[in-house]
There are 2 protein chains.
Amino acid sequence: MKRVTVYDIAKEAKVSVTTVSRVLNGTAPVKHSTRKKITELIEKYQFQPNALARSLTKKETKMIGIILPDITNPFFPEVFTGVENALAEAGYTFFLCTTGGNDERESAYLGLLREKQVDGIIFMGGRINSVECPPVLAEEVVNLSKHIPIVLVNGTLPGNPLPRVKTDEYVGAEMVTEHLIELGHRKIGFIGGMEETTTTVEKVAAFESTLKKHGISPRKDWIRYGDFSVACGRKLMSGLLKERDRPTAVFCVNDFTSVGAIKAAIEAGLSIPDDVAIVGFDDTPLASSIIPELTTVSQESNRLGVTAFHVLQRLINGEQVEELSVIQPRLLVRESTVKK
Amino acid sequence: MKRVTVYDIAKEAKVSVTTVSRVLNGTAPVKHSTRKKITELIEKYQFQPNALARSLTKKETKMIGIILPDITNPFFPEVFTGVENALAEAGYTFFLCTTGGNDERESAYLGLLREKQVDGIIFMGGRINSVECPPVLAEEVVNLSKHIPIVLVNGTLPGNPLPRVKTDEYVGAEMVTEHLIELGHRKIGFIGGMEETTTTVEKVAAFESTLKKHGISPRKDWIRYGDFSVACGRKLMSGLLKERDRPTAVFCVNDFTSVGAIKAAIEAGLSIPDDVAIVGFDDTPLASSIIPELTTVSQESNRLGVTAFHVLQRLINGEQVEELSVIQPRLLVRESTVKK
DNA sequence: CTGAAAGCGCTAACAT
DNA sequence: ATGTTAGCGCTTTCAG
């Protein structure tokens with residue numbers, strides 16, 4: 001079962017490898033008759049050029065790396081479906097690198113991707129979401145970006161302007177807060193997310209500022225941090241609900257925590273949205289599956305993904321790209337804040 | 001920003017490339033002093049060997065391909081988290097290929113993966129789940145498997161014994177049915193899944209046979225096919241509930257359809273599990289997030305993934321592997337069938 | 001329109 | 001313990 005190479009084809013067609021290469025790549029005119037002969041042999045042997053060899057000479061692999069913290073959070077797969085189509089169409093293929101937000105795994109993957117000579121990297125989560133990204137880690141990415149185009153999705157490396165694509169989470173959080181205030185809520189809490197994560201910080205900032213804008217002073221004790229999981233949402237919510245004086249509406253850092261919050265509320269015998277309104281973020285499929293359906297903010301994850309890839313592609317082609325592409329989020333009002 | 005190669009290192013260390021290669025791979029003893037010198041240079045230049053070149057000579061890429069229909073169904077990411085750790089530990093990296101169950105995209109990816117010289121492929125969904133897989137498509141996979149190790153997850157290519165790893169969905173479906181019968185249900189329906197899909201067929205077979213075993217004759221009009229989506233579950237369930245004579249329990253092909261079914265039931269003003277009991281399949285995170293929590297069958301997706309990779313790895317190493325590895329599913333009884 | 005030959009960056013015999 | 005040399009399979013000048 002010997003692998004057939006351009007040489008085999010060339011020999012049997014009685015031409016040089018160059019010619020075979022030419023019909024393979026359409027890189028120069030080839031006489032019709034010889035082209036036909038070669039094409040037939042390719043067909044006959046089901047010949048497929050070895051991408052490694054090709055990439056080695058061309059210095060281009062048509063492979064990219066996608067780094068993200070947690071494939072289990074439906075938000076990320078959503079971003080993919082966007083990327084994947086664009087990718088496939090452009091003949092790219094990608095390595096999926098799940099890091100669990102772990103710095104060392106990130107570093108390891110960064111190295112691996114470089115070894116594999118990927119043409120570019122899409123980086124989500126992890127250190128680029130950290131409020132205080134250790135300089136060493138930032139530098140590592142910046143250095144690599146000198147060899148390989150990197151685009152950051154929904155994150156940043158302060159002081160190091162790498163091309164970024166993001167949804168405007170600040171605006172999204174404003175929308176949520178405005179929405180709740182409009183519904184008459186004055187006592188609003190915020191739960192979930194790690195305090196040292198930009199996603200969280202940005203949302204809380206918008207949340208507080210919007211409250212103030214409406215003459216409501218934010219209450220620190222109604223802002224409770226944790227992580228991004230269902231379990232966390234449940235725990236924080238149930239704690240919040242135990243207070244004598246408790247909020248009538250809660251803004252959750254993402255859909256996962258919202259689901260936890262909803263469970264906690266129902267367990268506490270409360271009805272949603274009458275006793276307490278709940279809002280999520282991300283508009284994962286979960287949001288419209290759960291009962292009550294969740295009011296949430298769409299990050300336009302699909303578009304986010306497509307945009308990220310397009311920016312990367314331009315970077316790869318050596319074209320100029322905007323340093324920051326912002327995508328507008330969209331508030332989706334559903335049953336968890338407004339009765340049907 | 002010239003890329004540094006083994007030659008650069010060798011020259012500066014005043015040794016031959018071979019020696020550099022040796023310290024890189026630990027493939028032969030190197031004097032301590034020269035090793036040190038080389039290591040320092042590697043450090044200094046942040047040198048990383050070019051994996052393409054290496055793979056080209058070694059005929060091994062440490063890359064594998066994972067083909068699956070839909071990354072948006074949480075079941076698949078779950079399988080990953082299993083695979084990924086095992087993979088990363090063994091120094092492998094993988095291409096994620098999402099096909100949407102589309103035959104052509106599958107074929108395209110199969111070709112692409114071959115070009116990229118992956119060491120192996122894990123194949124899930126699509127044609128290997130089809131009851132009547134067109135011979136051309138089956139042959140394509142079988143032929144490829146002569147060049148590249150392939151393991152099929154939860155699927156098969158009839159008459160073509162490729163190594164397979166699967167959860168015993170038949171047993172899982174038996175468990176579900178037994179469970180419902182035990183609870184006193186005699187009128188049980190089944191919804192969702194495509195009729196030409198093995199997953200569906202197997203479940204329905206087990207379902208019907210278990211019913212018969214208990215003297216209940218299955219009713220064809222209570223078995224309704226569709227696909228694997230939430231929307232489908234909702235539609236089918238709501239149809240079923242409109243019948244005068246309707247089931248008191250419904251077995252859904254997967255968690256997604258269960259969620260739809262739950263929504264439909266609640267919309268119809270029914271309470272779960274009192275008026276109608278609902279069971280899912282897969283135990284995706286969704287199952288324990290939803291209210292009521294879903295009784296479902298765990299496919300042990302994590303273990304499934306790990307096992308798949310281990311089989312693949314043995315295949316890659318030219319070791320003997322069992323043609324079929326079966327993983328036992330587990331019934332998880334929750335609120336959607338039994339009141340808390 | 002076609003071919004010879006060099007080279008991509010690395011590993012692996014085969015010496016020494 | 002180290003070096004020489006020949007590939008791996010392809011693309012790409014450079015010459016016809």
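Lettering follows sequence order; numbering is per chain, from 1.
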For this session: Describe the nucleic acid contact of Val15(B) in one word from base, sugar-phosphate, nothing, applying a heavy-atom distance below 4.0 Å.
Result: sugar-phosphate
Seminar exercise, completed: Here the distance between atom P of dA13(C) and atom CG of Asn25(B), to the nearest Å, is 13 Å
Exercise. Taking only side-chain nitrogens and oxygens of Thr19(B), does any of them come within less than 4.0 Å of OP1 or OP2 of dG3(D)?
Worked result: yes
Exercise. Checking all strands, does Thr27(B) fall into the base, sugar-phosphate, or nothing category for heavy-atom contacts under 4.0 angstrom?
Worked result: nothing
Problem set entry | ring-ring contact (aromatic ring centres under 6.0 Å, His included) evaluation trace for Tyr109(B) with Phe95(B) | CA-CA 10 Å; Tyr109(B) 271 126; Phe95(B) 292 115; 9.4 Å; no
Problem set entry | Nearest-angstrom distance from the residue atom CD1 of Ile38(B) to C1' of dG3(D) | 12 Å
Exercise. Just how far, in rounded Å, is C1' of dC10(D) from CZ of Arg54(A)?
Worked result: 8 Å
Exercise. Rounded to whole angstrom units, what separation is found between the CG atom of Leu56(A) and the P atom of dG7(D)?
Worked result: 17 Å
For this session: Considering just the side-chain nitrogens and oxygens of Lys14(B), establish if one lies under 4.0 Å of OP1 or OP2 belonging to dT2(D).
Result: no
Exercise. NA contact type, Thr34(B), heavy-atom cut-off 4.0 Å: base, sugar-phosphate, or nothing?
Worked result: sugar-phosphate
Problem set entry | Between dC8(D) (C1') and Asn50(A) (CG): distance, integer Å | 8 Å
For this session: Check each of Arg164(B), Lys166(B), Gln299(B) against Asn154(B) using the side-chain hydrogen bond (donor to acceptor under 3.5 Å, both in side chains) test, and report the only one that passes.
Result: Gln299(B)
Seminar exercise, completed: From CZ of Arg22(A) across to C1' of dA15(D) the rounded distance in Å is 11 Å
Exercise. What's the verdict on ring-ring contact (aromatic ring centres under 6.0 Å, His included) for Phe94(B) and Phe80(B), showing C-alpha distance, side-chain angles and the deciding distance?
Worked result: CA-CA 11 Å; Phe94(B) 68 95; Phe80(B) 271 29; 5.5 Å; yes
